[in-house]
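Structure, as structure tokens:
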Amino acid sequence: YYKHPKIGKSTPGTGDVFASVFTGAYMRGHSVFESAGIAGEFVLECIKGTIDDPSHWYGVKFEPVLGKLIQML
């Protein structure tokens with residue numbers, strides 16, 4: 001199991017971001033468990049970076065946290 005804090009807001013597109021990051025991590029040689037953890041953490045960071053921006057009501061802003069993704073990989 002992989003756990004992270006629950007955020008009480010739904011954002012569209014997080015499944016797409018998760019699937020993309022999971023696939024990329026797995027293709028780079030990470031295990032399924034590691035890939036899921038990386039993807040989950042990245043999506044969480046994306047949501048945190050978007051949740052307080054009322055002008056960004058669609059999806060998540062993943063671009064500002066791409067540097068963190070690179071570090072995770």
Side-chain angles (χ1 to χ4, degrees):
Y1 292 98
Y2 177 80
K3 294 181 181 183
H4 61 78
K6 183 175 181 173
I7 296 177
K9 182 179 178 186
S10 175
T11 53
T14 52
D16 295 331
V17 172
F18 182 93
S20 298
V21 173
F22 175 87
T23 301
Y26 188 68
M27 296 299 291
R28 289 185 55 89
H30 292 279
S31 71
V32 170
F33 183 78
E34 291 169 332
S35 298
I38 291 168
E41 283 298 320
F42 183 71
V43 169
L44 181 62
E45 290 299 317
C46 292
I47 293 170
K48 286 179 181 178
T50 308
I51 201 164
D52 292 328
D53 185 351
S55 68
H56 197 89
W57 54 269
Y58 56 93
V60 289
K61 296 190 286 188
F62 63 89
E63 299 90 347
V65 288
L66 285 173
K68 288 184 181 182
L69 175 59
I70 292 169
Q71 291 174 349
M72 289 183 227
L73 294 173

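Throughout, residue positions are numbered sequentially from 1 according to the sequence presented.
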According to salt bridge (Lys or Arg N to Asp or Glu O under 4.0 Å), does anything in [range] pair up with another residue at least two apart or in another chain? List the pairs.
{"range": "residues 62-73", "answer": "E45-K68"}
{"range": "residues 53-62", "answer": "D53-K61"}
{"range": "residues 18-29", "answer": "none"}

*Residue pair L66 / F42, side-chain heavy-atom distance below 4.5 Å*: yes

*Not counting sequence neighbours, which residues clear side chain to side chain contact (heavy atoms under 4.5 Å, CB included) with A36? List them please.*
F18, F22

_Listed partners of L44 passing side chain to side chain contact (heavy atoms under 4.5 Å, CB included), at least two apart_ = H4, P5, I7, E41, K48

*Single-linkage hydrophobic cluster, 4.5 Å side-chain cutoff, F33 and L69 together*: no

*asked:* Strictly distance-based, threshold 3.5 Å: is any side-chain N or O of T50 a donor or acceptor partner for the main-chain N or O of V60?
replied: no

*For A39 and V21, work out which heavy atoms get closest and say how close.*
CA-CG1, 3.6 Å

_Quick check: closest heavy atoms across V65 and C46, and the distance to 0.1 Å?_
CG2-SG, 3.6 Å

*Kindly write out the residues that satisfy ring-ring contact (aromatic ring centres under 6.0 Å, His included) with Y58, not counting sequence neighbours, or none if the list is empty.*
H56

